[in-house]
Every structure is written in C-alpha cells, then in structure tokens.
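A note on names: the letters A, B, ... follow the listed sequences, proteins ahead of strands, and every chain is numbered from 1. All values reported here derive from a predicted model rather than from experimental measurement.
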2 protein chains.
Amino acid sequence: MSGDTRERLLAGTIAALRDKGIAGVSARSIAGAAGVNQALVFYHFGTVEELVIAACQGETQVRVSQYADQLAGVTSLRELLTVGQALHEKERAAGNTQVLAQVLAGAQTSPTLAEAARQALGLWVTEIEGTLQRVLADSPIKAALDIPGLARAVSAAFIGLELYEAADPDSTRHAMDALAQVAVLTDVLDDLGPVARRALRNRLRRSANR
Amino acid sequence: MSGDTRERLLAGTIAALRDKGIAGVSARSIAGAAGVNQALVFYHFGTVEELVIAACQGETQVRVSQYADQLAGVTSLRELLTVGQALHEKERAAGNTQVLAQVLAGAQTSPTLAEAARQALGLWVTEIEGTLQRVLADSPIKAALDIPGLARAVSAAFIGLELYEAADPDSTRHAMDALAQVAVLTDVLDDLGPVARRALRNRLRRSANR
DNA sequence: GTCTATAACGAGATAGAC
DNA sequence: GTCTATCTCGTTATAGAC
C-alpha cells in the first residue's frame, strides 16, 4: 500500500514540524509520527529534506485553495483582516503556518529548502495580492500603495506572528488586535468625503515626489 | 584567559546561528566558529542551550541600546520607518535579527528558549512602543490604536521579514518599500485639516462601537 | 513495499591529564 | 581554564531478508 504510506509520511512530517520544529525533525521523529518504519522515508523520498519540501508544498496548496473561496468573498480591508484572523486561528490549531515558519527558518541553511519556502509563500502572496487588488480597486489609497509589496509584507508579518505566538501568546493576541485597528483606519480613509478625499490625493502626490 | 573565551563563545554562537540556523548549531559548530575547544562550551555554559540563550540576550541588549539613541530622535512615523529600514539593513549585515528569528523558531521545541526569545523581543518591543507613543502623541489616530499591540505587531513583522529575506530577497525588498508607503499614508492622516480631522474622529468612534 | 540490521558519523556531555 | 579522549546516543542512509 504505497500510496497510503506516502500520505502518512507527508502528514507525519507536518506533525513533526509543528510539534518539534525544524531542529527536531528527523527521519525517526517523522516516521514515529506517521506510524511507519524509518527506512521508508528514504525509500519514498530519498532524503529527509526532500520529504520536508514535498510536505510543505502539498500542505500549502491544500490550505491556500481551502481559503481561496473565503478570500474571494471579501469586499473590504476590515473584512480581509477578519478573514485573516479566522485563518490565523485555524492555521494555528492545525499548525500549518508553523510548518511554513519552520521551513523558512531552515531555509537559512539549505538552498533547496529556501526555494521550497519561496514557492510556498508565493502561493499565499498571490492569493492575498489578488484580494487586495480587488478590495482596493476603488480606493483613493490604491495609487499610493504598492499592492504586490504589501501582499508580501502581510504574508511575512503573519509568519512572524506565528513564530511569536509560541514565545508570547498574550503579546501576539494584542498584536493581532492592533492590526485589526489599523485596517479600520484604512477603511476610514477609504470612506472620507470628497473634500478630504481631494486633500488626501494632493498630499499623497506631494509625498510621492519627495 | 576565561573572560576572553566566554566572549569568543558568545560571538561564535551568534555566527553559528546566523550562518547555520537553529537546526545547525551544535557545541562543535559553535566552538569551530569561536576558535576554541568544544568542551569549553560545557565548562562555561553547562549546555548548548544555555549558551544560545546567553548569546541571544547579550546580543539583543547591545543591539537595542545601540539604536535607542536613533529612535529617540525620531519625530514622525515616516522617520520611524526610515530608521527601521536602516536598522533592518545593518542588522541583516550583522545577522542579529536572524539570531532572534532562529531562536524564535527553536522556541517551538524548548520552553527555556521560548522564554529567552520572549525577553529578547520584549527589549525591542519596549523601545518601539516608547517611540510610537511619542511620535503619535498629538495624532488623531492615537486614540484609535492600541500602541503596545502595534509595537508587538511591528516587531513580529520584522522577524517575519528577516526570515523571508533568506528565501526571497527581491520580494522582501518590495515588502519593505510597501511598508514605507503605509507609513506615508498615516502621516497624511496625521496631517489633515481640522474638518477632515473631525470627520475622522467621528468615523473612528463609530467603528469602535460596532 | 516493508521490514531488520547495521554501517558511518556527528551530537551532547564527562573524566581526567595538564 | 584548557585540552584530549571517550562514552553514549541519535542521526542519515544503505544492504538485504522477506
């Protein structure tokens, strides 16, 4: 039953990454979590690193597509933040953002791991970028913002928050709340009257030229 | 020459953490980077983990106090972002934010490492929080924001960006630029005329009550 | 495809000479 | 305080029985 073993190993890798971090993953810890023999890691994936890469890719694809529908329904920045927070909660429980964060930490050492992390994060970035583009389509602040860059900043910020949560859960909750307030602020900006709107546009033009 | 060896080991730990990540640090790799005998790790610090904790604490204290002066001179959010970017660049070159990120990644496994990361990040958070408080003292957006939470979010975001940079340097640069634009936006908000200012205040009050 | 056994090596940590 | 030598264990990875 080869297919089943492969799946078990992939799931076991996610579990090991989540529970022990990048420094704690090994063929043995993965096999233990998967409930299979250690040698099968090498039979099916060649090296531990290849297995980690495969698990990270597969998991991220599943997760991103799972949230694509919800993100497609978002119409404001505040809604986006709400979805983002729900996402963060679920991901935290399932431990998948942790996986991304740990692979990213491991990417420091290994170029192949770095490439895998880049691609996995790229999936999230694409999704967020599209949503931002749509949500801000009619906003006066759109012209002032580099949306692709913003999507990348948001993605990176979530990774940082995920890591931070392990060290200081209370602080992380505060941080999430603060981000929600920032989103409200931009909503307010979006919602100004025509006079303020014009002032804003001028002010932005001045800033851009400096 | 005990003091010297301790220093070498602490510096070697930073270097090892920077170059090999949390998964790659070991008594041997640290001793190699420090140019001392492997057994001295245990003589001076008991365990590898204790050494990592000591190095992280010491390095962060030095770094934070090094930037305290610059942060004290900041008077606007945009300036803060500029200082932040310069800080990020220098830290990147010296590899110290990396150290924090890697320790944070390792904090998943070890409660003692988690505590060390919490304290180290707390030093940055305190500094940033104080600066934000000062910079936003006269701002209409101050009331709408949870500044302690914001300081934590900013700190976590920088950690995420630091990790991201290893995997995708170009994207990270874009993200940093986008963040600078967001700061400009808040500066604009700060700089509105009295009419828009009042509208903003009302709008924020409504948002807060929802 | 899956298992056991094992080779080869690096890890943390300690004992003891100097 | 520093070194060498060593113990014990966990690691990757492979060979070969089933």
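Ala27(A) comes within 4.0 angstrom of sugar-phosphate atoms only, judged by non-hydrogen atoms across all strands, and of no base. Val48(A) comes within 4.0 angstrom of sugar-phosphate atoms only, judged by non-hydrogen atoms across all strands, and of no base.
Residue Thr47(B) places none of its side-chain N or O atoms closer than 4.0 Å to OP1 or OP2 of dG12(C).
Going from atom CG of Asn37(B) over to atom P of dA5(D) covers 11 Å, rounded to whole Å. Protein atom CZ of Phe45(B) is 18 Å distant from nucleotide atom C1' of dT14(C), rounded to whole Å. Between Leu40(B) atom CG and dT14(C) atom C1' the separation is 13 Å, expressed in whole Å. At whole-Å resolution of the value, CD1 in Ile30(B) and C1' in dG10(C) are 14 Å apart. As a whole-Å value, the separation of Leu9(A) CG from dG1(C) C1' is 12 Å. In this structure, CD of Gln38(A) is placed 10 Å from P of dA13(D), rounded to the nearest angstrom. Whole-Å rounding puts the Phe42(B) CZ to dG12(C) C1' distance at 5 Å. The nearest whole Å value for the distance from the CZ atom in Arg6(B) to the P atom in dG1(D) is 9 Å.
Looking only at atom types and distance, the side chain of Gln102(B) has no donor-acceptor partner in the side chain of Gln108(A) under 3.5 Å away. Counted by atom type alone, Glu115(A) and Gln119(A) present one or more donor-acceptor pairs between their side chains at under 3.5 Å.
Judged by distance alone, with hydrogens and angles left aside, the side-chain atoms of Arg8(B) form a donor-acceptor pair with the main-chain N or O of Ala34(B) at under 3.5 Å.
Side chain of Ala39(B), nearest nucleotide from dG1(D), dC3(D), dT14(D): dC3(D). Side chain of Ser26(B), nearest nucleotide from dA13(C), dT2(D), dG12(C): dG12(C).
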Start with the C-alpha gap between Ile30(A) and Phe45(A), add the side-chain angles, then the distance that decides, and say whether side chain to side chain contact (heavy atoms under 4.5 Å, CB included) holds. CA-CA 12 Å; Ile30(A) 290 172; Phe45(A) 293 93; over 6 Å; no
